[in-house]
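Numbers restart at 1 for each chain; the letters A, B, ... are given by sequence-line order, proteins then strands.
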Amino acid sequence: MLLRLSNKLLNISIASLCRSKQLEKAEAAIIDGIRLGVLPDVVTYNTLIIGYCRLVNFDAGYSVIHRMKEAGIAPDVVTYNSLMAGATRQRSLPGCFDMLEEMLEMGIFPDIWSYNTLMNCLFKYGKPGEAYRVFHDIILTDMSPSQATISIMINGLCRNGYIRRALSLFRNLQQHGYVPELVTYNILINGLCKSKKWEDTMNLFEELKESGQAPNAITYTTVMKCCFRCKHLEEGLEIFKEMKSKGYAHDLFSYCTVVAALLKSGCIRDANNCIAHMVKIGYDLDIVSYNTLINLYCKLGDLENAYNLFNVAEGKGLECDTYTHTILIDGLCKSGNIDAAQRHLNYMKEMGFNCLVAYNCFIDGLCKVGRFNYALRVFHSMDVRDSFTYSSLIHNLCKERRYRLAAELLLSCIKSGMKILKSDRRAVVKGLLVTCSKTDVNNFKLQMRTAKILYY
DNA sequence: GTAGGGTTAG
């Protein structure tokens with residue numbers, strides 16, 4: 001049977017090409033279509049906009065609008081919703097508002113998807129209060145919230161640190177007859193996991209199963225990750241087993257989670273076996289998988305192969321990210337190759353990556369080879385520091401019995417509003433007790449208490 | 001057309 005090429009068919013093939021990251025082929029398909037007498041319609045252009053926003057950036061997506069206008073096709077609500085989503089992906093709240101405004105100017109009425117996307121953007125932009133107002137507006141107007149509205153709301157609350165509110169919203173809605181779908185369970189489980197609420201996570205996981213819905217690979221990976229985060233390695237591995245027994249093809253997500261946990265727990269051999277299995281299956285490894293692999297070689301102290309893999313990843317056209325570089329710099333530091341670490345760090349900085357974690361590793365590395373003065377100079381040169389930066393120094397200074405300097409840093413850490421490991425706090429106080437007078441120690445403790453009240 | 005999982009350091 002001969003299939004007549006129609007708009008629908010053309011659009012389906014363009015969507016599929018965009019999904020498989022083949023924008024050029026999608027463009028070529030449009031030209032072929034025109035040659036065969038099939039003109040692109042609004043759906044064709046909307047699909048292309050989504051593709052450009054996802055694979056290039058918002059501007060590339062927006063430029064498609066001009067082509068639409070030239071072709072005499074009017075943008076619709078989907079066009080602008082897609083552009084709002086594109087702006088959101090690039091974390092551009094102004095871009096998202098611009099699209100909403102332009103849409104209204106064109107006389108196109110926003111729908112529930114527009115408001116959902118706006119809400120999502122406000123949350124991603126760190127404006128939970130305004131997102132909440134949009135949610136209220138949705139409830140107050142005639143628009144009925146969709147399942148996605150609830151999911152975006154709960155996800156936004158979780159990601160902005162309001163896990164309790166997210167949970168109580170979830171429960172309140174349930175009392176009013178709302179039946180959450182799997183995605184919402186996954187979102188909430190992920191939120192609980194990030195807040196290290198292991199028992200709540202496991203309870204919700206059970207509740208989901210009891211609700212009659214089957215957890216999917218995302219649920220399993222999230223629950224597993226929660227176990228690892230909360231130091232329940234064995235329980236996490238049990239979940240992995242259950243996942244496999246339920247017939248879920250264990251994908252790159254689950255493998256990377258398991259391997260990272262094994263590496264962190266020092267089970268290098270198991271991690272190695274797990275990775276060998278992953279490679280054997282023949283997945284098309286992405287950059288996160290390469291990072292996990294590179295990390296394994298670093299932990300083995302095999303920097304040569306770590307760098308080989310780094311080159312393989314780049315050769316495949318994968319974009320190495322902050323994680324890749326940080327893992328390598330840490331690997332170099334841990335193997336005592338400070339000069340190479342310094343060179344890689346300089347390169348990373350020149351390339352414009354976020355170097356905070358890499359600097360923290362570098363400072364730790366410098367301390368470990370006894371170059372404290374240089375470590376302190378690097379510390380002072382940093383624009384942004386976090387609690388790891390402080391604790392790397394404090395921890396190593398205590399080991400060197402330089403307690404006064406450690407105490408000074410500890411105080412300035414607390415004054416910057418950052419929490420530090422209890423063990424490091426204790427090490428400083430314990431050290432001061434041995435080396436300083438009781439009055440000095442009490443004075444220091446008082447300063448710490450005051451600082452905590454004032455700055456936490 | 002919007003929402004969910006994986007990788008780094010003390």
Side-chain angles (χ1 to χ4, degrees), chain A residues 15 43 46-47 49-50 53 76-86 88-89 111-121 123-124 146-156 158-159 181-191 193-194 215-226 228 250-261 263-264 286-296 298-299 321-331 333-334 354-365 367 386-396 420-421 423-424:
Chain A
V43 180
N46 287 347
T47 312
I49 287 177
I50 296 158
C53 282
D76 63 5
V77 64
V78 178
T79 315
Y80 280 101
N81 286 351
S82 308
L83 285 165
M84 284 173 76
T88 302
R89 206 162 279 123
D111 62 7
I112 186 70
W113 297 67
S114 324
Y115 287 105
N116 286 351
T117 310
L118 178 64
M119 226 172 74
N120 189 32
C121 192
F123 272 126
K124 285 211 167 143
S146 62
Q147 278 277 3
T149 315
I150 314 279
S151 291
I152 291 171
M153 187 67 202
I154 290 180
N155 190 34
C158 288
R159 288 188 189 252
E181 54 180 14
L182 181 61
V183 177
T184 319
Y185 270 106
N186 287 350
I187 287 170
L188 200 52
I189 287 176
N190 188 38
C193 162
K194 293 242 158 74
N216 63 8
I218 296 180
T219 326
Y220 278 110
T221 312
T222 314
V223 173
M224 195 165 74
K225 169 90 189 161
C226 182
F228 295 145
H250 24 182
D251 53 14
L252 289 174
F253 281 82
S254 55
Y255 269 109
C256 291
T257 313
V258 172
V259 171
L263 286 178
K264 212 162 232 165
D286 61 4
I287 191 60
V288 177
S289 317
Y290 272 102
N291 290 345
T292 311
L293 266 164
I294 292 171
N295 193 24
L296 169 72
C298 285
K299 292 282 187 293
D321 58 9
T322 304
Y323 283 82
T324 326
H325 297 296
T326 307
I327 288 166
L328 284 167
I329 289 168
D330 187 49
C333 288
K334 295 264 187 330
N354 177 351
C355 300
L356 176 62
V357 180
Y359 267 109
N360 292 346
C361 299
F362 189 54
I363 286 181
D364 184 64
C367 292
D386 67 2
S387 70
F388 279 79
T389 325
Y390 282 93
S391 68
S392 297
L393 267 173
I394 293 169
H395 181 82
N396 286 302
I420 200 159
L421 286 180
S423 55
D424 286 332

Counting only distance, no hydrogens or angles, is the base of [N] paired donor-acceptor with the side chain of [X] under 3.5 Å?
{"X": "Thr222(A)", "N": "dG5(B)", "answer": "no"}
{"X": "Asn216(A)", "N": "dG5(B)", "answer": "no"}
{"X": "Thr292(A)", "N": "dT7(B)", "answer": "no"}
{"X": "Ser423(A)", "N": "dG10(B)", "answer": "no"}
{"X": "Ser392(A)", "N": "dG10(B)", "answer": "no"}
{"X": "Asp251(A)", "N": "dG6(B)", "answer": "no"}

Need one value for [X]: base, sugar-phosphate or nothing, where a base atom within 4.0 Å counts as base even if backbone is also close, heavy atoms only.
{"X": "Ala217(A)", "result": "base"}
{"X": "Ala148(A)", "result": "base"}
{"X": "Asp286(A)", "result": "base"}
{"X": "Ser114(A)", "result": "nothing"}
{"X": "Asn46(A)", "result": "nothing"}
{"X": "Leu252(A)", "result": "base"}

Starting the side chain at C-beta, find the nucleotide from [options] nearest to [X].
{"X": "Thr326(A)", "options": "dG4(B), dT8(B), dG10(B)", "result": "dT8(B)"}
{"X": "Phe253(A)", "options": "dG6(B), dA3(B), dA9(B)", "result": "dG6(B)"}
{"X": "Val288(A)", "options": "dG6(B), dG4(B), dG10(B)", "result": "dG6(B)"}
{"X": "Ile420(A)", "options": "dG10(B), dA9(B), dG4(B)", "result": "dG10(B)"}
{"X": "Ser387(A)", "options": "dG6(B), dG10(B), dA9(B)", "result": "dG10(B)"}
{"X": "Tyr323(A)", "options": "dA3(B), dT8(B), dG6(B)", "result": "dT8(B)"}
{"X": "Asn295(A)", "options": "dG4(B), dT8(B), dA3(B)", "result": "dT8(B)"}
{"X": "Ser289(A)", "options": "dG4(B), dG6(B), dT8(B)", "result": "dG6(B)"}

Between [X] and [N], is there a side-chain N or O to OP1/OP2 distance below 4.0 Å?
{"X": "Lys299(A)", "N": "dA9(B)", "result": "yes"}
{"X": "Arg89(A)", "N": "dT2(B)", "result": "yes"}
{"X": "Asn116(A)", "N": "dA3(B)", "result": "no"}
{"X": "Lys225(A)", "N": "dG4(B)", "result": "no"}
{"X": "Asn360(A)", "N": "dG10(B)", "result": "no"}

Between Tyr390(A) and Ile420(A), does a side chain to side chain contact (heavy atoms under 4.5 Å, CB included) hold up when you go through it step by step? CA-CA 8 Å; Tyr390(A) 282 93; Ile420(A) 200 159; 4.1 Å; yes

Expressed as a whole number of angstroms, how long is the span from [X]:[atom1] to [N]:[atom2]?
{"X": "Ile112(A)", "N": "dA3(B)", "atom1": "CD1", "atom2": "P", "value": "14 Å"}
{"X": "Leu393(A)", "N": "dA9(B)", "atom1": "CG", "atom2": "C1'", "value": "13 Å"}
{"X": "Lys264(A)", "N": "dT7(B)", "atom1": "NZ", "atom2": "P", "value": "8 Å"}
{"X": "Ile329(A)", "N": "dG10(B)", "atom1": "CD1", "atom2": "P", "value": "14 Å"}
{"X": "Tyr359(A)", "N": "dG10(B)", "atom1": "OH", "atom2": "C1'", "value": "18 Å"}
{"X": "Met84(A)", "N": "dA3(B)", "atom1": "CE", "atom2": "C1'", "value": "14 Å"}

Assess, by modelled atom type and distance only, whether the side chains of [X] and [Y] contain a donor and an acceptor separated by less than 3.5 Å.
{"X": "Thr79(A)", "Y": "Asn46(A)", "value": "yes"}
{"X": "Thr222(A)", "Y": "Thr219(A)", "value": "no"}
{"X": "Asn295(A)", "Y": "Thr292(A)", "value": "no"}

Could you pull out all residues at least two apart from Lys334(A) that satisfy salt bridge (charged side-chain N to carboxylate O under 4.0 Å, His left out)?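 Residues passing salt bridge (charged side-chain N to carboxylate O under 4.0 Å, His left out) with Lys334(A): Asp330(A).
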
Non-neighbouring partners of Ser114(A) that pass side-chain hydrogen bond (donor to acceptor under 3.5 Å, both in side chains), sequence neighbours left out: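 Only Asn81(A), Asp111(A) meet the side-chain hydrogen bond (donor to acceptor under 3.5 Å, both in side chains) criterion with Ser114(A).
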
Show the numbers, then the answer: is there a side chain to side chain contact (heavy atoms under 4.5 Å, CB included) between Arg159(A) and Phe123(A)? CA-CA 8 Å; Arg159(A) 288 188 189 252; Phe123(A) 272 126; over 6 Å; no

